[in-house]
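In what follows, residues are counted from 1 in the order of the sequence shown.
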Amino acid sequence: MSEGGGGGADGDALHVASRLHAFNRFELKYLVPVEQAAQIRDELAERMERDAHSPVGGYGVWSLYYDTPQLRFYWEKIEGLKFRRKLRIRHYGDLDGVTDASPVCVEIKQRVNRVTQKRRITLPYGVARQLCDGRELVPHSAKERAFVEEVLELIVRLNLRPAAITGYQREALVGRDADTGLRVTLDRRVRGRDRDFHFGTRTPENRFTIPPHLAVMEIKVNERTPYWITDLAARRNLNLVRVSKYVQSIEAFGLAPRSVFHIDEADYPPPPSHGQQSAQGAPRKAGAQ
């Protein structure tokens with residue numbers, strides 16, 4: 001799935017060079033009221049194409065983030081270091097039926113000044129856990145060697161361990177014609193958990209980590225953001241935010257104090273028509289999927 005779907009990795013095809021991907025992008029993020037999300041998607045679709053791997057209604061994205069016991073990666077983001085990175089295992093699609101053979105991506109996402117860089121390898125879930133949790137060198141091709149060794153070195157040297165799982169429903173569009181480097185995603189029902197870190201956990205205790213009446217729109221470009229995108233955001237009075245789903249999860253579960261980047265429902269109250277339940281302030285369970 002271009003960026004949005006890890007693609008299939010045959011567990012026996014250990015020498016397929018296409019398992020390894022890398023790309024650089026600039027990113028802008030906006031908060032979008034869910035009630036506007038469909039309208040914005042339709043407006044974007046007038047100039048963009050739906051990602052070929054993004055079905056009607058979108059697809060699930062689940063990420064297991066690793067961090068040090070002192071949450072080094074979290075604090076690097078909070079402090080705004082010009083070079084920072086995160087390690088995660090990512091699964092595309094529903095979690096029902098996830099097995100050790102299911103394809104996942106082991107990914108290093110890093111920020112160098114304003115540029116977001118991603119490098120990842122697609123592996124069977126059991127092999128990815130063997131690498132990241134078992135801290136073992138796993139079978140790889142010559143082209144994959146440097147990345148696999150970097151992941152293992154990072155895990156061992158920094159004593160990385162699972163810190164949080166995030167999940168959301170994503171719809172993706174890609175640019176056409178002059179905007180071929182453009183990608184826009186709309187992520188809703190952003191939720192997660194701080195325990196039960198196996199993707200196959202039955203009836204996990206997921207909770208919303210961003211208020212459910214809000215979606216996150218991400219603009220990803222190779223160079224400049226098209227004028228019509230920023231015009232759309234201005235016309236709809238969308239809020240440009242520095243949001244990290246991982247940071248949001250860490251703070252939502254009380255693993256660190258809430259920072260200035262935290263999206264709090266008190267600052268973004270739901271529309272009155274959404275009923276009274278959202279205003280109660282109690283944590284809301286988001287369901288397994």
Side-chain angles (χ1 to χ4, degrees), residues 1-8 18-34 36-63 85-86 88-93 103-122 166-190 210 214-236 238-246 248:
M1 259 183 213
S2 61
E3 178 193 351
S18 62
R19 297 194 317 173
L20 187 62
H21 296 273
F23 43 87
N24 301 341
R25 280 189 176 141
F26 295 96
E27 294 183 354
L28 294 174
K29 299 179 182 180
Y30 294 90
L31 281 184
V32 175
V34 165
Q36 289 188 41
Q39 300 169 11
I40 291 172
R41 179 203 61 214
D42 292 343
E43 184 172 344
L44 291 169
E46 294 175 6
R47 291 176 175 262
M48 303 180 69
E49 304 288 349
R50 180 182 294 276
D51 187 301
H53 299 281
S54 180
V56 174
Y59 54 90
V61 180
W62 293 89
S63 300
R85 55 187 168 181
K86 294 190 286 255
R88 64 192 180 196
I89 297 178
R90 173 164 282 190
H91 172 75
Y92 294 94
V104 298
C105 295
V106 176
E107 182 175 278
I108 292 177
K109 180 178 181 180
Q110 61 191 37
R111 179 95 166 193
V112 181
N113 294 320
R114 293 178 54 244
V115 178
T116 298
Q117 302 176 338
K118 293 182 185 178
R119 291 170 294 131
R120 68 187 181 194
I121 185 173
T122 303
T166 66
Y168 43 88
Q169 195 73 6
R170 166 166 285 182
E171 292 186 89
L173 300 101
V174 293
R176 61 177 180 234
D177 302 327
D179 299 323
T180 52
L182 172 66
R183 180 177 171 84
V184 178
T185 56
L186 285 159
D187 299 336
R188 53 189 167 81
R189 301 193 68 238
V190 182
I210 289 178
L214 296 174
V216 178
M217 181 172 76
E218 297 187 15
I219 314 297
K220 305 169 187 184
V221 293
N222 295 337
E223 295 180 3
R224 290 191 302 268
T225 304
Y227 76 90
W228 59 268
I229 288 271
T230 51
D231 179 63
L232 180 154
R235 279 190 289 103
R236 292 187 173 271
L238 302 181
N239 294 286
L240 185 63
V241 291
R242 289 182 58 190
V243 63
S244 159
K245 298 183 184 76
Y246 171 59
Q248 191 75 14

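Scored by the side-chain hydrogen bond (donor to acceptor under 3.5 Å, both in side chains) test, Arg41 finds Glu171 as partners (sequence neighbours excluded). A search for side chain to side chain contact (heavy atoms under 4.5 Å, CB included) contacts involving Val241 returns Lys29, Leu31, Asn239, Val243, Tyr268, not counting sequence neighbours. Legend: residues meeting salt bridge (charged side-chain N to carboxylate O under 4.0 Å, His left out) with Glu43, ordered by chain and number and at least two apart, are Arg235, Arg236. Listed by chain and residue number, nothing satisfies the side-chain hydrogen bond (donor to acceptor under 3.5 Å, both in side chains) test with Lys109 (two or more places apart in sequence, or in another chain). With sequence neighbours excluded, the residues forming a side chain to side chain contact (heavy atoms under 4.5 Å, CB included) with Thr230 are Tyr30, Thr225, listed by chain and number. For Pro33, the side chain to side chain contact (heavy atoms under 4.5 Å, CB included) partners are Glu35, Gln36, Leu238, not counting sequence neighbours.
Looking at Gln117 and Arg85, their side chains never bring a donor and an acceptor atom within 3.5 Å of each other.
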Step-by-step side-chain contact (heavy atoms from CB on, under 4.5 Å) determination, Tyr92 to Cys105: CA-CA 9 Å; Tyr92 294 94; Cys105 295; 4.1 Å; yes

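Within the 4.5 Å cutoff, side-chain heavy atoms of Lys86 are placed close to those of Ser244. With a 4.5 Å cut-off on side-chain heavy atoms, Asp187 and Lys245 count as touching.
With hydrogens and angles disregarded, no donor-acceptor distance shorter than 3.5 Å links the side chain of Gln169 to the backbone of Arg189. Remark: side-chain polar atoms of Asn113 are not paired, donor with acceptor, to backbone N or O of Val115 under 3.5 angstrom.
For Arg176, the CZ atom counts as densely surrounded, since its 6.0 Å shell holds more than 12 non-hydrogen atoms of other residues, nucleotides or ligands.
Between atom CD1 of residue Ile219 and atom CZ of residue Arg183 there is a gap of 11.5 Å, rounded to the nearest 0.5 Å. For the atom pair CD1 (Ile89) and CZ (Arg120), the distance works out to 14.0 Å, reported to the nearest 0.5 Å.
Ionic pairing of Glu218 and Arg25 is not present here: no N-O contact between side-chain nitrogen and carboxylate oxygen is shorter than 4.0 angstrom.
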